[in-house]
A.B. asks: 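First, the structure itself, so that you have it in front of you.
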Amino acid sequence: MSSQPRYQPYTGPAAGWGALRSVTQHWLDSKQPFKNLRALLKTNQNGGFDCPGCAWGESPESGLVKFCENGAKAVNWEATRRGIGAEFFARYSVAQLREQSDYWLEHQGRLIEPLRYDAASDRYVPISWDAAFALIGEVLRNLDNPDQAEFYTSGRASNEAAFLYQLFVRSYGTNNFPDCSNMCHEASGVALGQSIGVGKGTVTFADFEHADAIFVFGQNPGTNHPRMLEPLREAVARGASVACFNPLKERGLERFQHPQHPLEMLTNESEPTSSAYFRPRLGGDMAAVRGMAKYLLQWERERPGTVFDQAFIAAHCEGLEDWLAQVEQTSWQQIEAQCGLPRAEIERAARLYAKAERVIACWAMGITQHRHSVATIHEIANLMLLRGNLGKPGAGLCPVRGHSNVQGDRTMGINERPPAFFLDALQRRFGIDMPRRPGHNTVEAIEAMLAGHSKVFIGLGGNFAQATPDSPRTQAALQQCELTVQISTKLNRSHLMHGRQALILPCLGRTDLDLQAAGPQAVTVEDSFSMVHASWGQLAPLSREMRSEPAIIAGIAQATLGAQPQDWLQLSADYRRIRALIADTIPGFANFEERLAQPGGFHLGNAAAEYRWNTASGKAQFIAHALPDELLAPQARGQDAHLVLQTLRSHDQYNTTLYGLDDRYRGVHGMREVLFINPQDIQRLGLQAGQQVDIVSLWDDGIERRVRGFTLLAYDTPPGQAAAYYPETNPLVPLASVGEGSFTPTSKFIAIRLLPSSAVQRIA
Ligand SMILES: Nc1nc2c(c(=O)[nH]1)N[C@H]1C(S)=C(S)[C@@H](COP(=O)(O)OP(=O)(O)OC[C@H]3O[C@@H](n4cnc5c(=O)[nH]c(N)nc54)[C@H](O)[C@@H]3O)O[C@H]1N2
Ligand SMILES: Nc1nc2c(c(=O)[nH]1)N[C@H]1C(S)=C(S)[C@@H](COP(=O)(O)OP(=O)(O)OC[C@H]3O[C@@H](n4cnc5c(=O)[nH]c(N)nc54)[C@H](O)[C@@H]3O)O[C@H]1N2
Ligand SMILES: [Mo]
């Protein structure tokens, strides 16, 4: 569905007719429009499947079928009737496939049979499942030690798959669990764990109906969590305020038209979603929140007892004085310079916050992918504690998760630094020692493969070669491996940047009917609000040679460890057996099977929301940091950066999966290699809109990081700050440029220079 390259500002509201038109196109393109419609109607309903799109939750009471444009695209992408197997791979060598675009690769269809890389012909050729499992088992058993293997997880894996995977990997002997979360909400987990003792959000869906104010920091829900627009719109309609912090004016945050609301669509009217829109500089949110706190402190001093929730603070918190001392010390000059918002704007944000009795703070990648993300989230938590905005209805902290089960995967133990209580529980239940050494996160895994210390890479979903930073180095790291194994639904670059030996293992997705020895199986997932529910696949799989993720993991485990500490094949024959083990070992899952029968699933509970503080001090902790002296990393200083770059998602992609080449709300059509840049910057740098440039990132390790031939698009972004799409710009993100305490690549803050392009002009 690629259109001619075109750049034309979008004037309609978000969602609405434009969304419907787009969904219809994608249905027709998948070659099975009617079947998919039926499948979609079961999305997020009891007895249907969980949407494989984002991790936004659903009101358990609502009987309505909820779907959104991008959920429809995700379903449709998975449920295509196109498949690729032996014939396809006989036609193309791996070298030829590497020449193709990411869009083309995934567009070929679902992977339908297991494949092994054949070096002699440079092609993938069929292999039996048993032979594939035997190969993995043999290579794993022959490593010098289990820490030489890396076990990646992407956040679509179900609870059952994730639990089985971590049990296998730990029984094998390592905690090497790099996962997509390391590149995503890691900072949220780390910071909230320190502030409130739980690394998860404290709100539920119902809280959005009771909030007086909702703050949305660094998030673009119109594209990435479209179903979130509805509670935002409802909040505005009932007089609550929605305050957005984003350097870009994102369409979905400004105006919204409900695709299921016929009257609004007929009249083409749309309601505002946002009552205040603040545009900080990239990485400026901590300073903005610090400024808000400065006002609150001033007002509390003027009228003691009216601004801070002194009763809540006295009963539950520690560290207030230290933090307020920091707030006092921070100068307005530094605050204004760092966030780029004038004092009057910060005062307005502070007033919106102070006059609301119940506030929810939401955030996503605009907050978590910076060097000082952990400190920024501490600051947001501090602000919320100041007025007791936690645990009461309509208030709380809400990191809005990405992948549909990324939160569940962590709960199941996909964690390179597992807490001792978790390992103790596994040890008790299974009677074997669990490894206690911390394992590798994503960046450490890449470093270990690059250094030749790690020799095996197994990916449970995802697209490691493209989603990670510093692409040429990551890809070299994979290529140095002894064995790479990708458990996947569709062909992507990670299959082509393979080790000396390589396997592609085709798996079922969320929408596929999952038939095991004991009959059709459900899997379970956990959403951003800690609601756990079942998901039943509906569509007949494209081929008998595709297997479920639990079945594949069980096969690998049995071939590596034999039936130890469990008979793996028995477990994957009936997922209720896996759920019984989860119930035995993971807090919150007692009577798992029975509670799944409740409509909408069940809530795992959240200690912080119940005022139980599992922090070091046993209290909710105000954590005091000075603002960073400079946002630029020391390695990028003194090199005369032209701009700072953030990398983000278009409206037509799911992470590295490209549904199409358009970005409707930003007015971009048929192209992705573009740089959104302020017109003043274009002029300042002596360039012209529409011109092509190479982008070079600045880092003092002597490596040139460059992408070529990006078209300049004049865009309303703050001066000095540019934006471009991920993953095309991942070669620019230095591997060593990570968040303090989170190890998350700083994908939203990269110092760059622009050079006139060396590439051939492609569009006029
Ligand atoms: N359709 C679709 N849905 C998705 C995904 C997808 O790719 N496609 N991905 C899923 C995943 S894994 C995730 S993690 C989420 C991602 O959801 P988002 O976090 O919404 O994703 P991004 O596109 O990275 O958008 C980041 C937003 O933050 C803003 N921003 C960047 N830097 C800053 C900053 O310093 N401060 C502030 N205040 N704002 C900033 C950007 O302008 C942009 O609007 O979505 C999930 N849902
Ligand atoms: N520069 C930059 N880099 C980023 C980001 C950014 O904002 N900027 N965002 C980061 C974030 S938030 C994330 S979460 C990561 C995402 O990193 P990943 O999760 O690794 O990447 P995805 O693109 O979601 O993975 C897509 C692939 O997953 C496979 N797949 C899809 N569904 C299934 C399934 O049900 N089972 C299995 N086994 N495989 C499946 C398909 O083969 C598909 O090609 O990227 C990170 N990288
Ligand atoms: Mo993510």
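Just so it is clear, the values below take in all heavy atoms, side chains as well, and ignore hydrogens, waters and symmetry mates. Both counts, for ligands and for their atoms, begin at 1 and track the order of listing.
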A.B. asks: Near Asn492, which atoms of ligand 2 are under 4.0 Å from a heavy atom of that residue?
C.D. replies: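 It comes down to these atoms of ligand 2: 27 (C), 42 (O), 43 (C), 44 (O).
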A.B. asks: Is any N or O atom of Gln369, backbone or side chain, closer than 3.5 Å to an N or O atom of ligand 2?
C.D. replies: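 It does: an N or O of Gln369 is found under 3.5 Å from an N or O of ligand 2.
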A.B. asks: Let me confirm one number: the CG-CG distance from Leu648 to Asn220, rounded to the nearest 0.5 Å.
C.D. replies: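 Those atoms lie 8.0 Å apart.
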A.B. asks: With atoms numbered from 1 as shown, which atoms in ligand 1 lie under 4.0 angstrom from a non-hydrogen atom of Gly283?
C.D. replies: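 Answer, ordered by atom number: 34 (C), 35 (O).
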A.B. asks: Write down the atom of Ser158, the atom of Asn405, and the distance for their closest heavy-atom approach.
C.D. replies: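 Answer, listing the atom of Ser158 first, then Asn405: C-ND2, 3.5 Å.
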A.B. asks: Does the ring centre of Phe710 sit less than 6.0 Å away from the ring centre of Phe676?
C.D. replies: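 Distance test on ring centres: not under 6.0 Å, no.
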A.B. asks: Just to confirm my output: which protein heavy-atom neighbour is closest to atom 4 (C) of ligand 2, and how far is it?
C.D. replies: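 I find the closest protein heavy atom is Tyr726 CE1, 3.1 Å.
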A.B. asks: I need the single residue from Leu658, Thr647, Leu675, Asp663 that forms a side chain to side chain contact (heavy atoms under 4.5 Å, CB included) with Tyr725. Which is it?
C.D. replies: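 Option passing the side chain to side chain contact (heavy atoms under 4.5 Å, CB included) with Tyr725: Asp663.
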A.B. asks: What I want to know is whether Gly155 and ligand 2 share at least one N or O pair that is separated by under 3.5 angstrom.
C.D. replies: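 So ligand 2 has no N or O lying under 3.5 Å from an N or O of Gly155.
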A.B. asks: Is the backbone N or O of Asn730 less than 3.5 Å from a side-chain atom of Arg705, with the two atoms forming a donor-acceptor pair by type?
C.D. replies: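 No: the side chain of Arg705 does not pair with the backbone of Asn730.
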A.B. asks: Is there a polar contact, in the sense of an N or O pair closer than 3.5 Å, between His403 and ligand 2?
C.D. replies: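 Such a contact does occur with ligand 2.
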A.B. asks: Looking at Gly218, which atoms of ligand 1 are within less than 4.0 Å of one of its heavy atoms?
C.D. replies: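 Ligand 1 atoms under the 4.0 Å threshold to Gly218: 19 (O), 27 (C), 28 (O), 37 (C), 38 (N), 39 (N), 40 (C).
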A.B. asks: What are the atoms of ligand 2, with element, lying closer than 4.0 Å to any heavy atom of Gly461?
C.D. replies: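 So the answer, numbered in order with elements, is 37 (C), 38 (N), 39 (N).
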A.B. asks: Counting non-hydrogen protein atoms only, what is the nearest one to atom 8 (N) of ligand 2? Give residue, atom name and distance.
C.D. replies: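 Result for atom 8 (N) of ligand 2: Thr647 OG1, 2.9 Å.
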A.B. asks: Using a 4.0 Å heavy-atom cut-off, say whether Lys748 meets ligand 1 through its side chain, its backbone, both or neither.
C.D. replies: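 The answer is the side chain.
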A.B. asks: Between ligand 2 and Tyr725, can you find any atom pair, the residue atom being a heavy atom, that is separated by under 4.0 Å?
C.D. replies: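 It does not, in that no heavy atom of Tyr725 comes within the 4.0 Å cut-off of ligand 2.
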A.B. asks: Quick one: closest heavy-atom pair of Arg251 and Tyr665, and the distance?
C.D. replies: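 Looks like CB-CB, 3.6 Å.
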A.B. asks: For Met365 and ligand 2, does the shortest N/O to N/O distance drop below 3.5 Å?
C.D. replies: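 Checking ligand 2 against Met365, no N or O pair falls under 3.5 Å apart.
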A.B. asks: How far is atom 21 (O) of ligand 2 from the closest protein heavy atom, and which atom is that?
C.D. replies: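 Residue, atom and distance for the closest contact: Asn463 N, 3.6 Å.
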A.B. asks: Between the main-chain N or O of Thr524 and the side-chain N or O of Glu160, is there a donor-acceptor pair closer than 3.5 Å?
C.D. replies: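 Yes: the side chain of Glu160 pairs with the backbone of Thr524.
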A.B. asks: What atoms in ligand 1 come closer than 4.0 Å to a heavy atom of Cys54?
C.D. replies: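 Numbered from 1, ligand 1 contributes 47 (N).
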A.B. asks: For ligand 1, note which part of Asn70 has a heavy atom under 4.0 Å away: side chain, backbone, both or neither.
C.D. replies: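 The answer is the side chain of Asn70.
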A.B. asks: Give me the nearest non-hydrogen protein atom to atom 41 (C) of ligand 2 as residue plus atom name, then the distance to 0.1 Å.
C.D. replies: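 Its nearest protein heavy-atom neighbour is Thr489 OG1, 3.4 Å.
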A.B. asks: With side chains defined as the heavy atoms from C-beta onward, is the minimum distance between Gln646 and His370 less than 4.5 Å?
C.D. replies: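 No. Closest side-chain heavy atoms not under 4.5 Å.
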A.B. asks: Main chain of Leu732, side chain of Ser697: is a donor-acceptor contact present, judged purely on distance under 3.5 Å?
C.D. replies: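 Confirmed, Ser697 side chain pairs with Leu732 backbone.
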A.B. asks: Using the rule given for salt bridge (Lys or Arg N to Asp or Glu O under 4.0 Å), can you reason through Glu78 versus Arg510, listing the C-alpha separation, both sets of side-chain angles and the distance that settles it, and then say yes or no?
C.D. replies: CA-CA 8 Å; Glu78 186 173 293; Arg510 207 61 73 64; over 6 Å; no
A.B. asks: Quick one: does Gly53 get within less than 4.0 Å of ligand 1, heavy atoms only?
C.D. replies: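 It does not; every heavy atom stays at 4.0 Å or beyond.
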A.B. asks: Tell me which protein heavy atom sits closest to atom 42 (O) of ligand 2, plus the residue, atom name and distance to 0.1 Å.
C.D. replies: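 Sorting protein heavy atoms by distance from atom 42 (O) of ligand 2 puts Lys490 O, 2.9 Å first.
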A.B. asks: Could you tell me whether Ala467 and ligand 2 have an N or O pair separated by under 3.5 Å?
C.D. replies: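 Yes.
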A.B. asks: Among all protein heavy atoms in this structure, tell me which lies nearest to atom 43 (C) of ligand 1, with the distance rounded to 0.1 Å.
C.D. replies: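 Minimum-distance protein heavy atom for atom 43 (C) of ligand 1 reads Glu250 OE2, 3.4 Å.
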A.B. asks: With atoms numbered from 1 as shown, which atoms in ligand 2 lie under 4.0 angstrom from a non-hydrogen atom of Ser154?
C.D. replies: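 So the atoms of ligand 2 that pass are 18 (P), 19 (O).
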A.B. asks: Give a yes or no on whether the backbone of Trp104 and the side-chain of Gln108 come within a donor-acceptor separation of less than 3.5 Å.
C.D. replies: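 Checking the backbone N and O of Trp104 against the side chain of Gln108, a donor-acceptor pair under 3.5 Å is found.
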A.B. asks: Against ligand 2, does Glu549 come closer than 4.0 Å with any heavy atom?
C.D. replies: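 In this structure, Glu549 qualifies as a contact of ligand 2 - some heavy atom is under 4.0 Å.
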A.B. asks: Please work out whether any backbone atom (N, CA, C, O) or any side-chain heavy atom from C-beta onward of Asp285 is under 4.0 Å from ligand 1, and answer side chain, backbone, both or neither.
C.D. replies: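 Side chain only.
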A.B. asks: Is His225 touching ligand 1 with its side chain, its backbone, both, or neither, if touching means heavy atoms under 4.0 Å apart?
C.D. replies: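 For His225, only side-chain atoms sit under 4.0 Å from ligand 1.
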A.B. asks: Check whether any N or O atom of Phe245, backbone or side chain, sits under 3.5 Å from an N or O atom of ligand 1, and answer yes or no.
C.D. replies: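 Yes; the residue has a nitrogen or oxygen that sits under 3.5 Å from a nitrogen or oxygen of the ligand.
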A.B. asks: Can you confirm whether the side chains of Thr746 and Ser737 place a donor and an acceptor under 3.5 Å from each other?
C.D. replies: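 Checked: Thr746/Ser737 side chains pair up, N/O donor to acceptor below 3.5 Å.
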A.B. asks: Could you tell me, atom by atom, which parts of ligand 2 come under 4.0 Å of a heavy atom of Glu106?
C.D. replies: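 Under 4.0 Å from Glu106, ligand 2 has these atoms: 43 (C), 44 (O).
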A.B. asks: What's the shortest distance from atom 18 (P) of ligand 2 to any protein heavy atom, and which residue and atom give it?
C.D. replies: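 Answer, as residue, atom name and distance: Tyr152 OH, 3.5 Å.
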A.B. asks: Once you restrict to heavy atoms under 4.0 Å, what part of Ser747 touches ligand 2? Side chain, backbone, both or neither.
C.D. replies: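 The part of Ser747 near ligand 2 is the side chain, not the backbone.
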A.B. asks: Students should be able to answer this: which protein heavy-atom is nearest to atom 45 (O) of ligand 1, and at what distance?
C.D. replies: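 Minimum-distance protein heavy atom for atom 45 (O) of ligand 1 reads Asn224 CB, 3.3 Å.
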A.B. asks: Judging by distance only, is a nitrogen or oxygen of His495 under 3.5 angstrom from one on ligand 2?
C.D. replies: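 For ligand 2, there is no N or O atom that lies under 3.5 Å from one belonging to His495.
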A.B. asks: Going by distance only, is there an N or O of Tyr659 that falls short of 3.5 Å from an N or O of ligand 1?
C.D. replies: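 So ligand 1 has no N or O lying under 3.5 Å from an N or O of Tyr659.
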A.B. asks: Check whether any heavy atom of His370 sits under 4.0 Å from an atom of ligand 1.
C.D. replies: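 Contact check His370 vs ligand 1: positive.
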A.B. asks: Please determine if Thr468 has a nitrogen or oxygen closer than 3.5 Å to a nitrogen or oxygen of ligand 2.
C.D. replies: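 So ligand 2 has no N or O lying under 3.5 Å from an N or O of Thr468.
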A.B. asks: State whether the side chain of Asp662 and the backbone N or O of Arg664 hold a donor-acceptor pair below 3.5 Å, judged by distance alone.
C.D. replies: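 Between the backbone of Arg664 and the side chain of Asp662 there is no qualifying donor-acceptor contact (under 3.5 Å).
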A.B. asks: Please determine if Thr729 has a nitrogen or oxygen closer than 3.5 Å to a nitrogen or oxygen of ligand 2.
C.D. replies: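 Thr729 vs ligand 2: no N/O contact under 3.5 Å.
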A.B. asks: Which atoms of ligand 2 have any heavy atom of Ser488 under 4.0 Å away?
C.D. replies: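 Those qualifying, in numeric order: 39 (N), 42 (O).
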A.B. asks: Is NZ or CZ of Lys73 both nearer than 6.0 Å to the six-membered ring centre of Tyr654 and within 45° of the ring axis?
C.D. replies: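 No, Lys73 and Tyr654 do not form such a contact.
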A.B. asks: Quick check: Thr223 and ligand 1, any N/O pair under 3.5 Å apart?
C.D. replies: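 Yes, since at least one N or O of Thr223 sits under 3.5 Å from an N or O of ligand 1.
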A.B. asks: Determine the sole option in Thr484, Thr442, Val169, Asn176 for which the side chain to side chain contact (heavy atoms under 4.5 Å, CB included) test with Glu150 is passed.
C.D. replies: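 Of the listed residues Thr484, Thr442, Val169, Asn176, the side chain to side chain contact (heavy atoms under 4.5 Å, CB included) partner of Glu150 is Asn176.
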A.B. asks: Starting at CG of Leu513, measure out to CZ of Phe49 and round the result to the nearest 0.5 Å.
C.D. replies: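 So the CG of Leu513 and the CZ of Phe49 are separated by 12.0 Å.
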A.B. asks: Is the side chain of Thr474 donor-acceptor paired with the backbone N or O of Pro469 at a distance under 3.5 Å, no angle test?
C.D. replies: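 Pair found, side chain donor or acceptor close to backbone of Pro469.
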A.B. asks: Once you restrict to heavy atoms under 4.0 Å, what part of Cys507 touches ligand 2? Side chain, backbone, both or neither.
C.D. replies: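 Near ligand 2, Cys507 shows its side chain, while the N, CA, C and O stay back.
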